[in-house]
Amino acid sequence: PTAVKLPVPVLDSIAGEYRDANGHLAATLFRQGEALYEKDPHGEVTEVEAEAPNTFFYPLGSIWTRLTVEHDKQGKVSALLYHDDRHEERWERMRPAARTP
């Protein structure tokens with residue numbers, strides 16, 4: 001796929017910690033400059049690029065693998081749907097802990 005450039009605020013809205021259905025850490029997405037990266041539970045970091053505003057791919061990975069961003073009713077990122085040619089997983093976004101004054 002051809003990568004599209006997304007604005008930094010969009011990348012920031014996707015950055016965060018995501019957990020699988022069992023509550024285990026599945027991935028942490030973070031931004032560096034104008035690029036988005038995924039760190040897996042083993043500490044391996046891989047760049048992800050946008051194919052569309054809500055669809056990402058791994059430029060050095062399988063051509064079938066995608067991350068699709070899901071939003072809640074308020075428009076905030078709520079989960080990532082990881083899918084490849086063999087299976088699909090839904091990763092819930094963990095909300096940052098509330099700060100106390």
Side-chain angles (χ1 to χ4, degrees):
T2 302
V4 297
K5 186 175 177 179
L6 296 179
V8 167
V10 172
L11 298 178
D12 286 341
S13 73
I14 297 165
E17 188 175 283
Y18 295 84
R19 296 194 174 259
D20 67 17
N22 296 317
H24 300 112
L25 180 64
T28 302
L29 271 64
F30 62 95
R31 180 184 62 81
Q32 268 189 321
E34 295 182 349
L36 192 65
Y37 294 88
E38 175 193 299
K39 183 167 93 175
D40 72 15
H42 309 288
E44 187 174 328
V45 175
T46 307
E47 184 174 7
V48 293
E49 292 189 5
E51 179 177 22
N54 290 323
T55 307
F56 291 80
F57 67 98
Y58 299 91
L60 300 177
S62 166
I63 62 169
W64 305 109
T65 306
R66 295 291 186 276
L67 291 174
T68 304
V69 179
E70 294 184 353
H71 295 86
D72 63 17
K73 292 178 184 174
Q74 291 76 38
K76 295 188 184 287
V77 175
S78 59
L80 291 177
L81 186 61
Y82 171 93
H83 49 105
D84 62 19
D85 60 334
R86 294 171 290 161
H87 77 293
E88 198 169 85
E89 295 177 25
R90 188 169 189 275
W91 300 341
E92 292 283 333
R93 182 171 188 190
M94 300 306 298
R95 296 287 173 209
R99 292 184 180 200
T100 54

Notebook entry, point to check: Could you state the interatomic distance from CZ (R93) to NE2 (H71), rounded to the nearest 0.5 Å?
Noted result: 9.5 Å
Margin query: How close do V48 and P59 get, counting heavy atoms only, and between which atoms?
Written below: CA-CD, 4.2 Å
Next item on the list: Would you check if L36 and L29 make a side-chain contact, meaning some heavy-atom pair closer than 4.5 Å?
Entry: yes
Item checked: L81 side, atom CG; N54 side, atom CG - distance, nearest 0.5 Å -> 11.5 Å
Checklist line | Residue list, side-chain hydrogen bond (donor to acceptor under 3.5 Å, both in side chains) with E34, at least two apart or on another chain | finding: K5
Check: Which pair of non-hydrogen atoms, one from V8 and one from G33, has the smallest distance, and what is that distance?
Finding: CG2-O, 4.2 Å
Next item on the list: State, with a plain yes or no, whether a side-chain heavy atom of L25 is found less than 4.5 Å away from one of M94.
Entry: no
Notebook entry, point to check: With sequence neighbours left out, what residues match D12 under salt bridge (charged side-chain N to carboxylate O under 4.0 Å, His left out)?
Noted result: R31
Check: With sequence neighbours left out, what residues match E49 under salt bridge (charged side-chain N to carboxylate O under 4.0 Å, His left out)?
Finding: none
Next item on the list: Give a yes or no on whether the backbone of H24 and the side-chain of N22 come within a donor-acceptor separation of less than 3.5 Å.
Entry: no
Next item on the list: For V69 and L80, run side chain to side chain contact (heavy atoms under 4.5 Å, CB included): C-alpha distance rounded to whole Å, both residues' side-chain angles, the deciding distance at 0.1 Å, then the answer.
Entry: CA-CA 5 Å; V69 179; L80 291 177; 3.8 Å; yes
Next item on the list: Find the distance between OG1 (T28) and CG (D40) and round it off to the nearest 0.5 Å.
Entry: 9.0 Å
Check: Would a 4.5 Å heavy-atom cut-off, applied to side chains only, mark Y18 and L67 as touching?
Finding: no
Next item on the list: Establish whether F30 and L11 are linked, either directly or via other cluster members, by ILVMFWY side-chain heavy-atom contacts under 4.5 Å.
Entry: no
Next item on the list: Would you please name every residue forming a side chain to side chain contact (heavy atoms under 4.5 Å, CB included) with A79, sequence neighbours left out?
Entry: E70, R90
Check: With sequence neighbours left out, what residues match Y58 under side-chain hydrogen bond (donor to acceptor under 3.5 Å, both in side chains)?
Finding: E38
Check: Roughly how far, to the nearest 0.5 Å, is the NE2 atom of H83 from the OG1 atom of T68?
Finding: 3.0 Å
Next item on the list: Determine the minimum heavy-atom distance between P53 and F56, stating which atoms define it.
Entry: O-CE1, 4.0 Å
Next item on the list: Start with the C-alpha gap between Y82 and H87, add the side-chain angles, then the distance that decides, and say whether side chain to side chain contact (heavy atoms under 4.5 Å, CB included) holds.
Entry: CA-CA 8 Å; Y82 171 93; H87 77 293; 3.8 Å; yes
Check: So how far is it from E89 CD to D84 CG, rounded to the nearest 0.5 Å?
Finding: 8.0 Å
Item checked: salt bridge (charged side-chain N to carboxylate O under 4.0 Å, His left out) partners of E47, counting only residues at least two apart -> none
Check: At their closest point, which heavy atom of A26 faces which heavy atom of P41, and how far apart are they?
Finding: O-CD, 3.2 Å
